[in-house]
Amino acid sequence: MSKRDFKRTTVTAALPYANGPLHIGHMAGAYLPADTYVRYLRLKGDDVAFVCGSDEHGVAITLGAKKEGVTPQAFVDKYHALMKQAFADFGISFDIYSRTSSAIHRETSQDFFRKIDAQKLFVEDTSDQFYDEQEGIFLADRYIVGTCPNCGHDRAYGDQCEKCGTSLSPRQLINPRSAVSGNAPVLKPTKHWYFPLDRFEGWLKEWLLEGHRHDWKTNVYGQCKSWLEQGLQPRSITRDLDWGIPVPREDAKGKVLYVWFDAPIGYISATKELKGADWEKYWKDPDTRLVHFIGKDNIVFHCIIFPAMLKAEGSFILPDNVPANEFLNLEGDKISTSRNHAVWLHEYLRDFPGRRDELRYVLTSISPETKDADFTWKDYQQKVNSELVAILGNFVNRVMVLTHKYFEGRVPPAEELKGTTDKRKKVLAVYQQAHRDLDQSVAALIDSLENFRFREAQFQLMNMARTGNKFLADTEPWKLAKEDMDAVGAILNYALMVVGNLAIASAPFLPDGSEAIRQQLGVDLTTASRQFWTGKKLVEPVPAGHQLGQPVLLYKNVEDADIQPQLERLQKPKIANVEATANSVKPLKPTVTIDDFGKLDIRIGTVTAAEKMEKSDKLLKLTVNSGLDQRTILSGIAKQYTPEQMVGKQVTFIANLAPRKMMGIESQGMILMAEDQDGKLRLLQPNEAVNPGASVS
RNA sequence: GGCGAGGUAGCUCAGGUGGUUAGAGCGUUGGAUUCAUAACCCAAAGGUCGGGGGUUCAACUCCCCCCCUCGCUACCA
């Protein structure tokens with residue numbers, strides 16, 4: 001896919017955020033495809049740096065630390081260690097797994113900032129931010145909690161409501177409170193630095209939209225196009241926070257780099273840590289190919305923001321490709337950390353010891369390369385049993401067993417079969433067909449790897465084993481053994497050749513199985529492997545006369561009893577969640593006086609007209625006879641009620657609420673609704689009709 | 001509402017620039033076989049290619065409208 005030859009490759013995998021353990025969605029999205037690709041490059045003999053590390057800054061970390069009553073450093077230490085171990089145990093073969101709280105990363109990030117700052121590219125701007133007077137700190141969006149204006153959830157964060165998923169800004173919150181002290185924050189001016197993304201829009205359009213129209217995945221390209229056409233805004237790159245990388249400026253005391261700015265620089269820091277003085281080759285030499293493996297949530301950062309940063313800095317190369325994956329679901333539902341609806345990597349490794357290949361195989365076979373995919377345990381069992389075990393494992397095993405049975409485990413000679421008998425003629429024809437099929441599979445396998453089509457590549461690997469099985473079934477050496485041992489020898493020699501090639505071809509996908517086959521064959525595959533991957537064709541890795549080891553089953557069947565506990569485990573949080581939502585009655589708000597209540601003018605009105613708001617999913621424009629007037633009230637109930645349903649209905653509304661303009665139209669009041677646990681809204685109505693304008697008290 | 005990505009056999013997916021009976025793997029059913037972890041091999045059944053229009057001699061493939069899923073985004077006083 002690359003347009004030219006590169007001398008080396010720098011491969012990055014998204015830095016996982018250090019606030020929780022890793023699950024299979026992470027693996028399927030970024031780490032497994034990255035690892036498969038890197039293993040392939042290494043086998044080919046390429047110079048490659050595979051870097052990753054923990055992303056350890058940001059407010060979520062400080063919040064998490066506070067919740068657990070530890071320092072942010074202690075908090076990230078814990079999760080960094082957990083993730084690093086899980087990656088290692090699973091066999092993700094990073095050349096380095098670093099972290100962004102390291103000294104080298106602080107220096108790298110600050111250098112990066114200074115380099116851009118020196119060009120006076122950053123924009124300074126002072127704005128009002130929420131400030132906690134008791135604690136004496138500015139509050140990041142995440143540090144502000146309040147009632148969600150959307151769903152009424154009273155513990156929404158300033159950047160997002162986790163209940164309804166709406167993204168928010170702090171000032172939208174009703175009754176904002178500081179998450180630190182619980183007090184109401186005040187607005188106070190503070191200075192911040194902004195990265196002028198807008199100034200790179202033209203350049204990005206040319207580099208990305210024109211330059212990568214054809215070599216990037218459509219989902220990635222389309223998402224970028226969407227962003228670029230919406231227009232880019234300057235992005236704040238600093239925060240008032242005491243956890244993170246200090247902004248290297250005299251006039252920026254107490255400020256740190258915003259986590260999104262320092263995180264991708266972590267790739268560079270990790271490379272420095274790995275390669276020492278040599279690191280620049282991997283980031284600044286135009287002969288280096290840079291590839292980012294990420295999930296789709298990261299597309300905008302890696303395709304737009306980070307490239308713009310690199311471009312601004314000036315001395316770096318740009319990503320050649322960003323093969324982002326879509327999401328992985330689990331048993332039909334989204335993976336959710338908070339609901340514990342996930343298969344955690346460290347738990348899988350504990351519950352299925354020695355079965356890393358099985359998970360790799362299944363995740364690759366359902367890899368969400370073009371659309372969201374679904375992992376189910378039933379599917380896991382079926383794929384392992386009917387493909388890994390029945391096709392690959394079985395083929396290797398039967399070849400080994402046959403060779404031991406007929407030749408005491410010694411590789412028979414590859415004598416050229418003279419087609420003197422009908423049976424020999426048939427064997428020859430079968431052999432020729434098998435060889436053609438295998439050649440095709442190998443070519444397709446490598447071509448697919450080159451183009452980040454790992455699902456297809458792995459399918460071609462299995463095709464090689466299928467061809468092997470068919471070769472045995474069609475030549476029937478167990479029958480020929482009664483009459484023509486030379487022919488049997490020739491057949492098994494070839495079958496062993498296929499097994500050897502399978503050991504080589506499986507290495508990027510199934511590293512454990514690959515090694516297990518190699519051990520059974522008892523050969524060194526280094527040279528043959530290199531020939532295979534660079535020559536893109538079959539090799540002959542098992543010399544005649546060689547003594548094989550004993551056959552050992554590569555994989556075993558997954559029994560119902562193996563997956564049953566996993567399915568039950570996933571049921572539990574679901575039940576718990578249902579109960580939890582059933583009981584989630586909102587806590588009481590602070591006491592108000594009768595005078596406070598008296599300030600509200602609540603009335604009953606009749607809807608005389610209703611229409612759907614243009615360009616809005618949720619808003620209905622209602623005309624309400626309030627007794628005093630006909631007024632316009634906008635209400636976010638379009639998902640519950642059609643305009644037709646609303647006309648003629650009596651509604652309860654706040655009549656003296658300050659008017660508010662929404663989507664160009666002024667709303668003169670607010671319709672009161674009852675909200676269910678599931679978010680459904682219901683009108684509040686008098687149980688018998690009253691006159692419009694009747695007041696509620 | 002806007003933008004983007006998808007919607008092809010029970011399941012997972014292929015199907016450059018429109019052209020013979022729409023393909024593969026798994027699953028199902030039947031057959032054959034015994035070297036092999038009841039595995040392998042052969043065969044069959046199974047699809048109105050999300051829906052509706054249109055262009056064309058011809059559309060899964062091009063155009064328009066609509067529906068559904070996922071993501072980003074606007075909006076819910």
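Protein chains get the first letters and strands the later ones, always in sequence-line order, with residue 1 at the start of each.
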Could you check how far [atom1] of [X] sits from [atom2] of [N], rounded to whole Å?
X: A:Lys217; N: B:rA5; atom1: NZ; atom2: P; result: 13 Å
X: A:Ile391; N: B:rA24; atom1: CD1; atom2: P; result: 15 Å
X: A:Ile665; N: B:rC76; atom1: CD1; atom2: C1'; result: 14 Å
X: A:Trp478; N: B:rC35; atom1: CH2; atom2: C1'; result: 5 Å
X: A:Arg453; N: B:rA14; atom1: CZ; atom2: P; result: 10 Å
X: A:Phe395; N: B:rU37; atom1: CZ; atom2: P; result: 15 Å
X: A:Arg466; N: B:rA39; atom1: CZ; atom2: P; result: 15 Å
X: A:Phe471; N: B:rC35; atom1: CZ; atom2: P; result: 17 Å

Report yes if at least one side-chain N or O of [X] is closer than 4.0 Å to OP1 or OP2 of [N]; otherwise report no.
X: A:Thr370; N: B:rA14; result: yes
X: A:Lys225; N: B:rA5; result: no
X: A:Arg455; N: B:rA14; result: yes

Gap in Å between the two [atom1] atoms, one belonging to [N] and one to [M], rounded:
N: B:rC64; M: B:rG25; atom1: C1'; answer: 37 Å
N: B:rU8; M: B:rC13; atom1: P; answer: 9 Å
N: B:rG18; M: B:rC40; atom1: C1'; answer: 41 Å
N: B:rA58; M: B:rU21; atom1: C1'; answer: 16 Å
N: B:rA59; M: B:rC76; atom1: C1'; answer: 43 Å
N: B:rU69; M: B:rU29; atom1: P; answer: 34 Å
N: B:rG50; M: B:rA22; atom1: P; answer: 15 Å
N: B:rG4; M: B:rU20; atom1: P; answer: 31 Å

Nucleotide nearest [X] when distance is taken to its side chain, options [options]:
X: A:Lys296; options: B:rA36, B:rG71, B:rC35; result: B:rG71
X: A:Ser635; options: B:rC40, B:rC70, B:rA77; result: B:rA77
X: A:Gln230; options: B:rG2, B:rC75, B:rC26; result: B:rG2
X: A:Ala390; options: B:rU73, B:rC40, B:rA77; result: B:rC40
X: A:Arg398; options: B:rC35, B:rG6, B:rG4; result: B:rC35
X: A:Lys371; options: B:rA77, B:rC13, B:rG2; result: B:rC13
X: A:Phe459; options: B:rC40, B:rU37, B:rG25; result: B:rG25
X: A:Thr218; options: B:rG6, B:rA77, B:rC70; result: B:rG6

How about A:Phe509 and A:Tyr361: are their ring centroids closer than 6.0 Å?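 No; A:Tyr361 has its ring centre 6.0 Å or more from that of A:Phe509.
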
Measure from NZ or CZ of A:Lys334 to the centre of the six-membered ring of A:Phe327 and say whether it is under 6.0 Å with the direction within 45° of the ring axis.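 Not flagged: A:Lys334 not positioned over aromatic ring of A:Phe327.
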
Using the six-membered ring wherever Trp is involved, compare the ring planes of A:Phe375 and A:Tyr380 and label them parallel, tilted or perpendicular (cut-offs 30° and 60°). tilted

Determine the contact category for [X]: base if any of its heavy atoms lies under 4.0 Å from a base atom, sugar-phosphate if only primed atoms, P, OP1 or OP2 are that close, otherwise nothing.
X: A:Glu387; result: sugar-phosphate
X: A:Thr376; result: nothing
X: A:Asn219; result: sugar-phosphate
X: A:Lys479; result: sugar-phosphate
X: A:Gln382; result: sugar-phosphate
X: A:Val401; result: sugar-phosphate
X: A:Leu553; result: base
X: A:Lys334; result: sugar-phosphate
X: A:Leu554; result: base
X: A:Tyr406; result: nothing
X: A:Asn557; result: base

Checking the side chain of A:Asp372 only, and the main-chain atoms of A:Pro368 only, is there a donor and an acceptor separated by less than 3.5 Å?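 Such a contact is absent between A:Asp372 side chain and A:Pro368 backbone.
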
Have A:Arg466 and A:Asn463 got a donor and an acceptor in their side chains that come within less than 3.5 Å?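 Yes - a donor-acceptor pair under 3.5 Å links their side chains.
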
Any side-chain donor paired with an acceptor under 3.5 Å for A:Asp560 and A:Gln381? yes

Could you tell me the Watson-Crick or G-U partner of [N], where both distances fall under 3.5 Å? Say none if there is no partner.
N: B:rU37; answer: none
N: B:rG46; answer: none
N: B:rG27; answer: none
N: B:rU20; answer: none
N: B:rG71; answer: B:rC3
N: B:rA77; answer: none

In terms of side-chain geometry, is the basic nitrogen of A:Arg355 or A:Glu358 positioned less than 4.0 Å from the acidic oxygen of its partner? yes

Can you tell me which residue among A:Gln440, A:His435, A:Gln433 is in a side chain to side chain donor-acceptor pair (under 3.5 Å) with A:Asp437? A:Gln433

Please tell me which of A:Glu326 and A:Asp372 maps to the more 5' nucleotide of RNA chain B, matching each residue to the nucleotide holding its nearest heavy atom. A:Glu326

5'-most contact on RNA chain B: A:Lys383 or A:Lys405, nearest heavy atom basis? A:Lys383

Would you say that A:Phe352 contacts A:Gln566 through its side chain, given a criterion of any heavy-atom pair below 4.5 Å between the two side chains? yes

